Structure formats: structure tokens, C-alpha cells
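Only a predicted model underlies this, so the values are computations on that prediction, with no experimental measurement involved. In what follows, residues are counted from 1 in the order of the sequence shown.
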Amino acid sequence: MFYALKGYVDLIKSDYIVLDVHDVSYQLSVAHPEEYALDELVKVYTYYVVREDEQYLVGFKDLEEKEIFLRLISVKGIGPRTAINALSKTTPTQLKEAIRGSNVAYLKKLPGIGAKAAAQIILDLKGEVSLEDAHDIGMTPQALDAKEALKSLGFKVTQIDEAFRKLNLDQDTSTIIRDALQILG
């Protein structure tokens with residue numbers, strides 16, 4: 001529903017920030033609120049959580065952090081709160097390395113992750129994390145945004161990567177999407 005918000009950081013707390021977007025303030029649960037500065041203009045990628053008893057937005061500094069969060073919550077037994085708490089004590093790169101290396105001990109040190117959950121994360125994500133990194137190395141932020149948009153339209157990563165090999169990825173996001181759709185269509 002909400003892909004990203006762009007606005008000024010209005011408030012910073014230990015586990016969330018408040019973002020002022022054209023006089024509407026959004027509270028976003030974030031892994032690393034210390035990475036934000038008051039009155040800083042930022043683009044925060046979002047994930048909208050809807051549960052029977054609560055609704056809230058989770059925010060991410062970049063698409064890599066959002067992608068690893070989405071992969072974590074796809075694991076049985078890992079919910080949005082557990083995933084964001086785990087990310088608060090690590091970085092996406094460190095987490096991917098732990099998954100690739102089957103490092104159960106590292107994963108167990110993360111808040112809310114026990115031995116069973118760590119083993120499940122490795123089992124479910126080991127192959128996916130390796131493939132994802134191979135495709136996205138060196139891509140511009142605009143190209144990563146375009147890739148996410150095309151994935152949300154139902155295109156497979158392999159199709160998108162094939163189209164991207166034929167494109168200039170140093171253009172703005174909408175141009176990359178338009179040109180990729182011409183190839184994919």
C-alpha cells in the first residue's frame with residue numbers, strides 16, 4: 001500500500017521515527033533510528049503491517065534493508081516485530097553473511113531469534129540471499145527502485161535482469177521502468 005514516504009524527520013525515539021510528509025506525520029518503526037537526524041529530508045521505504053489488533057508502518061533507510069526484512073517475515077515463526085528487532089542489532093550485509101555461512105550462533109544472538117528460528121531462517125533463505133546479491137551488485141538506486149516496481153507488477157527477477165542488461169540503468173526510475181516494460185511487453 002505505502003511503498004515509500006519522503007519528508008522531514010520530526011521526532012526520533014529508541015525504536016521509531018516520526019516523518020512529516022506535507023503536514024501529515026507518520027510514525028515509522030525503524031531498526032536504526034540513530035541513522036536519522038532531526039529536520040533531515042529523507043526517503044523512507046515502508047511496509048504496512050495490518051493485524052487483527054494493530055496497524056503500523058515499518059520504515060527502511062534503503063531497499064536492501066526492506067528486502068531482507070521481507071525475506072525474514074516470509075520465514076515461518078518470524079513476524080514483523082521480531083524481524084525489525086533482529087535488524088536493529090545487525091546490518092543487512094552481516095545478516096546475509098550469517099545466512100550464507102549457516103552461522104546459527106550469530107543469528108541466535110539477535111533479539112527474538114532462538115535456535116529453532118535461526119535454523120529455519122537458514123533453511124528458508126540460504127539460496128535466496130545468494131541469488132539476490134549476484135543480481136543486484138552495482139545497481140544504481142534508481143535501477144533497484146525500478147526492479148522492485150517491476151517485481152510488484154508480477155515480472156520474475158530473471159526476466160527483469162535480462163531486460164536490464166539491454167538498458168542504460170543510469171537514468172531516472174520512471175524511464176528505466178518504461179524502457180524495461182517495452183522490452184518485457
Side-chain angles (χ1 to χ4, degrees), residues 1-13 15-33 35-37 39-51 54-75 78-88 91-93 95-96 125 128-129 131-133 135-161 163-164 167-185:
M1 180 179 225
F2 298 104
Y3 182 75
L5 296 171
K6 188 174 184 179
Y8 291 93
V9 178
D10 212 20
L11 180 68
I12 303 170
K13 291 292 184 179
D15 59 347
Y16 70 88
I17 63 169
V18 174
L19 197 65
D20 182 341
V21 181
H22 301 291
D23 298 326
V24 177
S25 295
Y26 295 90
Q27 180 175 318
L28 303 162
S29 295
V30 294
H32 298 281
E35 293 181 354
Y36 298 89
D39 298 321
E40 173 185 30
L41 177 63
V42 293
K43 180 176 184 179
V44 181
Y45 296 94
T46 59
Y47 179 78
Y48 185 47
V49 178
V50 178
R51 299 278 187 252
E54 66 181 342
Q55 297 180 30
Y56 58 94
L57 283 169
V58 180
F60 310 96
K61 195 88 167 164
D62 55 42
L63 285 172
E64 180 185 29
E65 187 179 38
K66 182 177 180 178
E67 183 64 32
I68 197 70
F69 170 86
L70 293 173
R71 291 190 187 273
L72 280 174
I73 64 172
S74 74
V75 173
I78 306 292
R81 295 243 188 248
T82 301
I84 201 72
N85 287 337
L87 284 170
S88 73
T91 66
T93 302
L95 187 58
K96 289 176 189 178
L125 301 183
E128 290 183 29
V129 168
L131 288 174
E132 167 198 337
D133 291 343
H135 294 294
D136 294 345
I137 291 173
M139 288 182 77
T140 64
Q142 301 91 322
L144 289 171
D145 286 349
K147 186 173 189 174
E148 286 301 312
L150 291 166
K151 284 180 5 186
S152 72
L153 291 173
F155 292 102
K156 295 182 178 171
V157 172
T158 53
Q159 294 173 306
I160 297 167
D161 288 339
F164 277 15
L167 298 176
N168 173 8
L169 299 178
D170 291 326
Q171 303 177 76
D172 63 274
T173 304
S174 59
T175 304
I176 295 170
I177 293 169
R178 184 193 70 225
D179 293 349
L181 285 171
Q182 288 177 345
I183 293 169
L184 294 166

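Between Gln142 and Ser174, the closest side-chain pair of non-hydrogen atoms is not below 4.5 Å. Put simply, the side chain of Phe164 reaches to within 4.5 Å of the side chain of Leu150, judged on heavy atoms. Residues Leu125 and Ser74 have side chains in contact (heavy-atom distance under 4.5 Å, counting atoms from C-beta outward). Contact annotation: the side chain of Lys151 approaches that of Ile160 to within less than 4.5 Å [non-hydrogen atoms, C-beta and beyond]. Residues Val42 and Leu5 have side chains not in contact (no heavy-atom distance under 4.5 Å, counting atoms from C-beta outward). Between Tyr8 and Leu19, the closest side-chain pair of non-hydrogen atoms is not below 4.5 Å. Val9 places none of its side-chain heavy atoms less than 4.5 Å from the side chain of Val18.
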Ignoring hydrogens and angles, write down the donor-acceptor pairs under 3.5 Å from the side chains of residues 177-185, residues two or more places apart or on other chains.
none

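Close placement of the Tyr47 and Phe69 rings is indicated, their centers lying within 6.0 Å of each other.
Smallest separation of non-hydrogen atoms from Leu169 and Ala143: CB-CB, 4.0 Å. In plain terms, the two heavy atoms of Val30 and Gly59 that are nearest each other are CG1-O, 3.6 Å. What you find for Pro33 and Ile12 is that their closest heavy atoms are O-CG2, 3.7 Å. The two atoms that bring Lys61 and Glu35 nearest to each other are NZ-O, 3.1 Å, heavy atoms only.
Salt bridge status for Lys147 with Glu67: absent, with no side-chain N to carboxylate O gap under 4.0 Å. A salt bridge does not link Lys66 with Glu148: every distance from a Lys NZ or Arg NE/NH1/NH2 to an Asp or Glu carboxylate oxygen is 4.0 Å or more. Electrostatic pairing of Asp145 and Lys43 counts as a salt bridge here, judged by a charged N lying under 4.0 Å from a carboxylate O.
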- Query: When you look at His32 and Glu65, which way does the side-chain contact (heavy atoms from CB on, under 4.5 Å) test go after all the steps?
  - Reply: CA-CA 11 Å; His32 298 281; Glu65 187 179 38; 3.9 Å; yes
- Task: Test side-chain hydrogen bond (donor to acceptor under 3.5 Å, both in side chains) on Gln55 and Tyr48 and set out the steps.
- Result: CA-CA 7 Å; Gln55 297 180 30; Tyr48 185 47; 2.3 Å; yes
- Item | Intermediate values then yes/no, side-chain contact (heavy atoms from CB on, under 4.5 Å), Ser25 and Leu11 | CA-CA 10 Å; Ser25 295; Leu11 180 68; over 6 Å; no
- Task: Report the C-alpha distance between Val44 and Tyr36 in whole Å, list the side-chain angles of each, state the deciding distance to 0.1 Å, and finish with yes or no for side-chain contact (heavy atoms from CB on, under 4.5 Å).
- Result: CA-CA 10 Å; Val44 181; Tyr36 298 89; 4.0 Å; yes
- Could you walk me through whether Leu28 and Thr46 pass the side-chain contact (heavy atoms from CB on, under 4.5 Å) check? CA-CA 8 Å; Leu28 303 162; Thr46 59; 3.9 Å; yes
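Atom CG of Leu87 is separated from atom OG1 of Thr82 by 11.0 Å, given to the nearest 0.5 angstrom. Rounded to the nearest 0.5 Å, atoms CD1 (Ile78) and CG (Asn85) are 11.0 Å apart. Taking OH from Tyr45 and CG from Leu144, the interatomic distance works out to 8.0 Å, rounded to the nearest 0.5 Å.
Checking Val58, Ile73, Ile84 one by one against Val49, the side chain to side chain contact (heavy atoms under 4.5 Å, CB included) holds for a single residue, Val58.
Under a cut-off of 6.0 angstrom, the local environment of CZ in Phe155 is crowded, with over 12 non-hydrogen atoms contributed by other residues, nucleotides or ligands.
Asp172 and Thr175 form a side-chain donor-acceptor contact under 3.5 Å, judged by distance and modelled atom types alone.
Cation-pi geometry between Arg51 and Tyr56 is not satisfied (NZ or CZ under 6.0 Å from the ring centre, within 45° of the ring normal).
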